[in-house]
Peer 1: 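Attaching a single structure in structure tokens format; questions to follow.
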Amino acid sequence: MMNSSVIVRLIRLYGIVQGVGFRPFVSRTAALYNITGDVANKGSYVEIHAKGEKEKFEKFLGVLKNDPPPRSMVLKMELLECADFEKEDFSIIESLHEAGDIFVSPDIAVCPECQKEIFDPRDRRYLHPFINCTACGPRLTILDAMPYDRERTSMKEFPMCPECAQEYSTPESRRYDAQPVCCNECGPELYLVGRKERGKDALTLVRRSIMSGKIVAIKGIGGFHLCCDAANDEAVKHLRELKHRPVKPFALMMRDLETARKNCVVPEKAVPLLDGWQKPIVLLKKKADSVLPESIAPGNPAVGIMLPYAPLHLLLFNYDDGVEMSDTLVMTSGNLSGAPICRNDEDALEQISNFCDLILSHDRRIRLRADDSVMDLFEEAPYMIRRSRGFAPLPFRISQKFKGEVLGIGGELKNTFCPARDELFYPSAYLGDLADLRTVKALEESVDRMNSLLEIHPRLVACDLHPRYNSTAVAEKMGLPLIKIQHHYAHIASCMAENDHTDPVIGISFDGTGYGTDGTIWGGEFMKADFSGFTRLGAIAPFRQAGGDASSREGWRIAAALAGAPDDPGTLKLLCDLDLGKSEAEWKFQLRMIEKQLNCVNSTSCGRLFDGVSALLGICTNSTFEGEAAIKLQFAAEKSEKQEEYSISFPFLSCSEDLFHLDTKSLVKDLIFRRLQGESKFDLAWKFHAGLAQLITAGALKCREMTGIGCCALSGGVFQNTLLLKLVKKQLEKHGFNILHHRLVPPNDGGLALGQAVIAMYQLNKKE
Ligand SMILES: [Zn+2]
Ligand SMILES: [Zn+2]
């Protein structure tokens with residue numbers, strides 16, 4: 001006879017619940033509230049039979065839902081009726097793998113308890129470079145297949161010693177069921193490639209070398225870093241020369257939070273990001289009295305900071321060898337520009353051995369690469385620039401009844417891909433630029449591995465519309481049904497998916513360049529969009545992008561197209577008067593190409609508009625990396641002391657029969673006029689941002705008038721610019737728009753794959 005105040009339920013928890021100590025957590029919580037029953041891993045979810053007194057049962061549920069282990073993620077909780085049972089206690093059931101939704105945990109930064117143990121001379125794992133537990137350690141990067149257990153990870157080559165085996169099989173232990181568990185006795189070992197030093201000797205030599213100004217390649221969790229003392233200007237400059245990377249900022253690793261605070265402005269809300277379990281690189285403003293030399297990030301007020309996340313990183317800063325170590329290290333991805341991060345000794349020898357004096361490696365294999373994630377802050381919250389280690393492959397869930405399996409292959413730059421099953425979408429770790437054939441190979445391998453880990457067999461593949469993208473070629477080679485999706489539409493779908501928004505939106509896709517449905521180059525687009533399709537409504541004023549590939553690195557070429565009619569002698573004079581370091585002959589030649597439409601395409605790329613304006617204002621005429629001119633234009637604007645209202649006096653839009661254009665031409669003309677009048681380039685950079693925000697708002701209002709839609713989705717690489725985002729958001733809100741923007745998916749091409757996958761999923765379901 002069942003007591004009415006006793007509740008019996010079957011509970012299913014979906015999310016990241018494998019490999020994160022979830023079952024011991026459930027068991028402990030059950031004990032706390034006198035709940036009897038059991039818990040089992042079902043692959044896609046954790047299943048709990050629970051019985052207990054009503055009030056305590058509800059508290060038990062509350063803890064499961066609201067207070068799960070920090071690196072787990074409960075996406076959904078189901079409460080089902082179940083038959084009464086009699087049990088004395090609460091037990092953990094070992095369960096067999098079942099097919100279904102599978103959640104692969106991202107890698108988890110070394111936890112506080114392990115940090116304590118590693119520096120405790122009495123501990124078995126004192127100074128062990130691979131210490132980990134149920135709550136921390138590598139996951140995705142060592143996984144070979146599912147289900148997640150040691151046999152199917154890189155740790156299978158390291159049989160556990162008796163003590164580790166004991167901890168592994170004791171439910172009360174911190175290492176119960178921790179697949180990568182190991183110690184100084186049984187774990188992997190450090191060594192220097194091509195030298196005799198191993199273990200302690202290897203690490204000591206590395207620390208000494210770094211302090212004497214040397215550069216060392218260091219194998220970490222998801223790949224190699226190139227490392228040197230960040231406080232040593234000469235070492236940093238030397239690394240720049242070797243890498244042919246004159247100004248692109250280097251990421252830094254700092255000893256601890258205190259060091260970060262000493263060198264950078266760390267907003268309180270950034271602390272949990274910096275010091276949490278994911279430990280991304282966070283962009284922070286450098287302090288004036290920082291020890292960091294200018295060469296870390298030339299001309300850049302911000303630096304990318306991360307804290308040690310692998311036990312090996314902790315040991316780089318603190319070891320018992322008497323070496324006095326720097327508090328700040330450069331930790332830049334170990335790769336050739338555009339190529340994927342090196343993940344084994346062969347890669348390192350082939351690609352980065354010329355950049356370094358030593359290569360510190362170890363014998364735990366990296367199965368899947370995971371570059372460091374990079375985030376900016378917007379409204380004091382994360383704003384993702386590169387979503388990778390610690391985040392991939394956490395899924396996004398869309399509240400729409402989808403059924404089936406698809407793959408978004410991603411774009412050409414900053415490639416990621418996105419397998420999906422039903423309503424769950426799993427954006428991958430970052431790979432790189434597919435112009436490099438090594439990245440193409442990495443993409444093919446990683447797609448295979450991820451699909452097999454997630455047991456996804458795509459029935460439809462989505463790729464970009466661009467006919468000459470290598471990503472398109474990879475997708476075609478798969479021999480599966482394929483859909484080609486317009487670049488800027490995929491951006492908008494990605495923003496909708498991240499926000500779990502399924503109703504039609506006004507998509508504002510401001511980006512570098514993408515292939516348009518009319519064969520021209522797009523990148524400053526307004527569209528009506530939902531997952532079923534899009535209609536282009538407007539764009540920035542088209543200009544002629546002349547000079548082929550060079551025009552994306554050489555903003556001055558765009559400047560020539562923006563300055564005025566190419567056959568007007570006034571345009572040439574104006575360009576010469578602006579005194580931008582280009583000769584009259586160069587301007588003449590460029591104007592002639594534009595006039596004759598040689599090597600020319602029509603473009604509405606907002607990224608190129610930024611490049612052109614950056615050049616016209618004398619801020620950056622040639623870029624050494626993608627986005628440099630735009631970033632510098634933003635910094636210049638932020639330096640302006642007159643960040644006042646700038647109301648533009650020309651008509652905002654021009655409309656043709658089927659498309660409106662933002663009057664970006666008049667905006668540029670006004671800026672040139674003011675520049676020649678002697679206005680400061682900082683104030684003008686500000687006016688450009690403010691003016692563009694007004695134009696975008698006018699475009700959104702026009703779209704609302706045309707469609708009746710009041711929700712705007714902001715996406716595309718241009719919205720990495722948080723100043724523009726702030727200005728646009730403020731104005732749109734003033735006009736009563738509902739705004740969707742990115743947070744954890746990059747607005748840049750790193751986010752494309754998610755959008756592609758969602759559109760493919762919609763198409764797959766429509767057909768059936
Ligand atoms: Zn731990
Ligand atoms: Zn051991």
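Whatever order the structure lists them in is the order used to number ligands and atoms, beginning at 1. Along the sequence shown, residues carry numbers from 1.
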Peer 1: Return the set of protein N, O or S atoms whose distance to the Zn ion (ligand 2) is under 2.8 Å, each given as residue and atom.
Peer 2: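 N, O, S partners closer than 2.8 Å: Cys161 SG, Cys164 SG, Cys183 SG, Cys186 SG.
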
Peer 1: Below 30° counts as parallel, above 60° as perpendicular, anything between as tilted: where do the rings of Tyr383 and Phe378 land?
Peer 2: tilted

Peer 1: For the Zn ion (ligand 1), which protein N/O/S atoms fall under 2.8 Å? Skip waters.
Peer 2: Cys111 SG, Cys114 SG, Cys133 SG, Cys136 SG

Peer 1: Indicate whether the side chain of Ser91 and that of Asp38 have a donor and an acceptor atom separated by less than 3.5 Å.
Peer 2: no

Peer 1: Indicate the atoms forming the closest heavy-atom contact of Pro129 with Asn184, along with that distance.
Peer 2: CD-OD1, 4.4 Å

Peer 1: For Tyr168 and Gln179, which I'm curious about, is there any donor-acceptor pair between the side chains at under 3.5 Å?
Peer 2: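 There is such a pair between these side chains.
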
Peer 1: Quick check with a 6.0 Å cut-off and a 45 degree axis cone: is Arg389 positioned over the face of Tyr309's six-membered ring?
Peer 2: yes

Peer 1: In terms of side-chain heavy atoms, does Thr153 have a donor or acceptor partner in Asp144 at a distance below 3.5 Å?
Peer 2: no

Peer 1: Determine, for Arg125 against Glu167, whether the closest basic-nitrogen to carboxylate-oxygen distance falls under 4.0 angstrom.
Peer 2: yes

Peer 1: Salt bridge between Lys279 and Asp275, side-chain N to carboxylate O under 4.0 Å?
Peer 2: yes

Peer 1: Checking Asp372 against His225: is there a side-chain donor and acceptor pair closer than 3.5 Å?
Peer 2: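 Side chains of His225 and Asp372: pair found under 3.5 Å.
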
